[in-house]
Amino acid sequence: MSGVGKTVCVTGASGFVASNLVKLLLQQGYSVKASVRSPNNLTKTEHLLKLDGAKERLHLFKADLLENGSFDAVIDGCDGVFHTASPFFNTVTDPQKELIEPALKGTLNVLDSCSKASSVKRVVVTSSLAAVVYNARPKTPEVVVDETWFSDPQLCKEMKWWYALSKTLAEDAAWKFAEEKGMDIVTINPALVIGPLLQSTLNTSAEEIAQLLNGSETYPNSSLAWVNVKDVAKAHIQAFEIPSASGRYCLVESVVHKF
């Protein structure tokens, strides 16, 4: 029960990774201030309200990634912040509006609120392996991809890898903001996250599995890296709790060929 007596904020708490993180935080005794877009929409929040400890230690707040100051009240008084909120989907019509602005401006708005809260000791930012691997460097079998790699925004634009671009720009902005403000942040860069769903709808990574199972889509001859959502949630908490944690942490359990 490492979190007894501590209060943390989780942004985008109704999301796949965030929901599992909230569940584990509550299990470990933390009080959680969770931001969601619509606290009264039970379709989005009921699974959170049913978690063990939620009645006593979970508090839902409305916040908007694009609204400056929207997270001030949520973050005020928190010992730590887990910024997980960021849209993730593959089919977009306006990548700037649908993915890039919420990821980039949202991250800066959350960090700005953190900078105003003297109680916040560390911020854990949920980035992605998509902010690591998409560049022109060779990826032959003997090459090891590690936390020193960064995706190339220009290449992401040329290839129309909009989600990768959104996460790359957001993480880069986070590091620059943290350096400017002297803020203690750690980033978590997971591969495609799969595992038990707490929410009632399929998330994007789960849809990848569903489409393979029902044969609704033809996939290219490629491999994907995967990691279990429970491990991702644990990694977030360890990144907050372990004083020596720093920098970026790439999370990959398995790399699997699609066919």
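Residue numbers count from 1 along this sequence. All values below were derived from every heavy atom in this structure, side-chain atoms included, with hydrogens, water molecules and symmetry-related copies excluded.
Here the side chains of Lys6 and Tyr30 are in contact, with some heavy-atom distance below 4.5 Å. Contact check for Gln28 versus Glu241: side-chain heavy atoms found under the 4.5 Å cut-off. The closest side-chain heavy-atom distance from Val36 to Lys44 is not below 4.5 Å. No side-chain heavy atom of Cys156 sits less than 4.5 Å from a side-chain heavy atom of Tyr163. Between Leu165 and Pro153 the shortest side-chain heavy-atom distance falls below 4.5 Å. Side-chain contact check for Trp149 versus Cys250: every heavy-atom pair is 4.5 Å or farther apart. Side-chain contact between Leu26 and Arg57: present, with at least one pair of heavy atoms (C-beta onward) separated by less than 4.5 Å. Counting heavy atoms from C-beta on, the side chains of Pro87 and Glu98 never come closer than 4.5 Å.
Below 30°, between 30° and 60°, or above 60°: for Phe82 and His236 the angle between ring planes is between 30° and 60°, a tilted geometry.
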task = Given side chain to side chain contact (heavy atoms under 4.5 Å, CB included), test Thr107 with Leu169 step by step and report yes or no.
result = CA-CA 10 Å; Thr107 294; Leu169 294 177; over 6 Å; no
message = Please evaluate residues Leu58 and Leu60 with respect to the criterion side chain to side chain contact (heavy atoms under 4.5 Å, CB included), reporting the C-alpha separation (whole Å), side-chain torsions for both, the decisive distance (0.1 Å), and the verdict.
response = CA-CA 7 Å; Leu58 177 64; Leu60 301 183; 4.3 Å; yes
ask   = His83 and Ile185: side chain to side chain contact (heavy atoms under 4.5 Å, CB included), yes or no, with the steps?
value = CA-CA 10 Å; His83 176 45; Ile185 74 168; over 6 Å; no
inquiry  = Evaluate Leu65 against Phe71 for side chain to side chain contact (heavy atoms under 4.5 Å, CB included), listing each step before the verdict.
reply    = CA-CA 8 Å; Leu65 287 172; Phe71 291 86; 3.8 Å; yes
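Using a 4.5 Å cut-off between side-chain heavy atoms of Ile, Leu, Val, Met, Phe, Trp and Tyr, with links allowed through other members, Val252 and Tyr134 fall into the same hydrophobic cluster. Under the 4.5 Å side-chain heavy-atom criterion for Ile, Leu, Val, Met, Phe, Trp and Tyr, Val125 and Met183 are members of the same hydrophobic cluster. Transitive grouping of hydrophobic side chains (ILVMFWY, heavy atoms separated by less than 4.5 Å) keeps Val143 and Leu224 in distinct clusters. Placement of Phe61 and Val22 in two distinct hydrophobic clusters is found when ILVMFWY residues are connected by side-chain heavy-atom separations under 4.5 Å, directly or transitively. The cluster map of Ile, Leu, Val, Met, Phe, Trp and Tyr, joined by side-chain heavy atoms under 4.5 Å apart, puts Val124 and Ile242 in different clusters.
Side-chain polar atoms of Glu179 and Trp175 form no donor-acceptor pair below 3.5 angstrom. Side chains of Thr7 and Asp79: a donor-acceptor N/O pair is absent below 3.5 angstrom, by distance only.
Considering every non-hydrogen atom in both Lys105 and Leu66, the closest pair reads CB-CD2, 4.0 Å. Minimum heavy-atom separation, Gly12 to Ala18: O-CB, 3.2 Å.
Here the CG atom belonging to Asn135 is positioned 13.5 Å from the CD atom belonging to Gln154, to the nearest 0.5 angstrom.
Remark: Arg137 CZ is packed, more than 12 non-hydrogen atoms of other residues, nucleotides or ligands lying under 6.0 Å away.
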